[in-house]
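What follows is a single structure, written as structure tokens, with notes after it.
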Amino acid sequence: MGAESKWVDRNAGPVVRPYALTGGRTEPADGEVLDLITIVVDAGRGSGTGDPIDLSPESRRIVGLCRRPATVADVASDVALPLGVVRVLLADLIQSGRIKVLPQRPAGQQPSTDLLREVLHGLRAL
């Protein structure tokens, strides 16, 4: 076994460092970091610019996962990439108009205390 073959695992497939996927960036270009619970969704057909073929395989997969609303944490888990990489890729997709962020409910529209109490009682009953 040579020194070079010691570091090669042919069954592992292509290995790309996470920072290579983001062009070395560790933060979104616009500087706004997405929270783990931020909900993202595909902006719809015809939104954004360019052809889907212009996207990296990782970005295409993220767009595919966002056909249904998903949290940033769920997307990162499903694509099996580090959270920081997914945040940068999502921010790029948001800037290009391919993905949009769903607005969160204002604090005044949170569930009532009574509803939360009922849910808690229901969970305890299980």
Side-chain angles (χ1 to χ4, degrees):
M1 182 185 253
E4 186 175 313
S5 64
K6 174 170 115 173
W7 299 105
V8 176
D9 183 0
R10 301 222 187 274
N11 296 327
V15 178
V16 176
R17 296 271 183 206
Y19 61 81
L21 299 174
T22 63
R25 293 175 294 141
T26 58
E27 292 185 8
D30 63 2
E32 188 173 333
V33 177
L34 299 168
D35 289 332
L36 290 173
I37 59 171
T38 299
I39 299 174
V40 291
V41 66
D42 187 353
R45 222 171 235 211
S47 295
T49 58
D51 199 11
I53 200 81
D54 295 338
L55 297 175
S56 68
E58 295 79 15
S59 294
R60 281 197 300 269
R61 186 151 183 230
I62 289 171
V63 170
L65 289 169
C66 292
R67 286 190 183 120
R68 299 175 65 186
T71 64
V72 172
D74 289 335
V75 172
S77 173
D78 289 345
V79 296
L81 289 172
L83 179 61
V85 171
V86 172
R87 282 178 167 156
V88 171
L89 295 175
L90 277 170
D92 291 347
L93 291 167
I94 290 167
Q95 276 191 322
S96 70
R98 295 178 187 270
I99 299 288
K100 66 180 179 179
V101 176
L102 294 182
Q104 293 183 352
R105 279 194 258 179
Q109 293 182 358
Q110 296 298 328
S112 69
T113 306
D114 293 333
L115 175 63
L116 293 175
R117 195 172 287 122
E118 287 181 38
V119 170
L120 182 60
H121 290 300
L123 289 172
R124 286 182 178 156
L126 294 175

Given 3.5 Å as the limit, does a donor-acceptor pair link the side chain of Arg98 with the main chain of Leu93, or not?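 The answer is no, because no donor-acceptor pair under 3.5 Å joins these two groups.
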Same cluster or not: [X] versus [Y], using hydrophobic residues (I, L, V, M, F, W, Y) connected whenever any side-chain heavy atoms lie under 4.5 Å apart?
{"X": "Val63", "Y": "Val88", "result": "no"}
{"X": "Ile39", "Y": "Ile94", "result": "no"}
{"X": "Val119", "Y": "Leu126", "result": "yes"}
{"X": "Val40", "Y": "Val79", "result": "yes"}

Report yes if the side chains of [X] and [Y] come closer than 4.5 Å at any heavy-atom pair, otherwise no.
{"X": "Leu90", "Y": "Thr38", "answer": "no"}
{"X": "Leu81", "Y": "Leu89", "answer": "yes"}
{"X": "Arg117", "Y": "Asp114", "answer": "yes"}
{"X": "Val72", "Y": "Leu83", "answer": "yes"}

Counting only heavy atoms from other residues, nucleotides and ligands, does the tally under 6.0 Å from CG of Leu123 exceed 12?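 Yes.
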Provide the closest heavy-atom pair for Ala76 versus Val86 in the form atom of the first, atom of the second, distance.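 Heavy-atom minimum between the residues: CA-CG2, 3.7 Å.
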Please find the pair of heavy atoms, one from Gly97 and one from Ala43, that lie closest to each other, and give the distance.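 That closest heavy-atom pairing would be O-CB, 3.1 Å.
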Which pairs pass salt bridge (charged side-chain N to carboxylate O under 4.0 Å, His left out) with one or both residues in residues 64-76, sequence neighbours excluded?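 Sorted pair list comes back empty.
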Qualifying salt bridge (charged side-chain N to carboxylate O under 4.0 Å, His left out) pairs with a residue from residues 76-95, counting only residues at least two apart or across chains: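 Those involving residues 76-95 are Arg25-Asp92.
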Checking Ser59 now: which residues fulfil side chain to side chain donor-acceptor pair (under 3.5 Å) with it, not counting sequence neighbours?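 Here the qualifying residues are Ser56.
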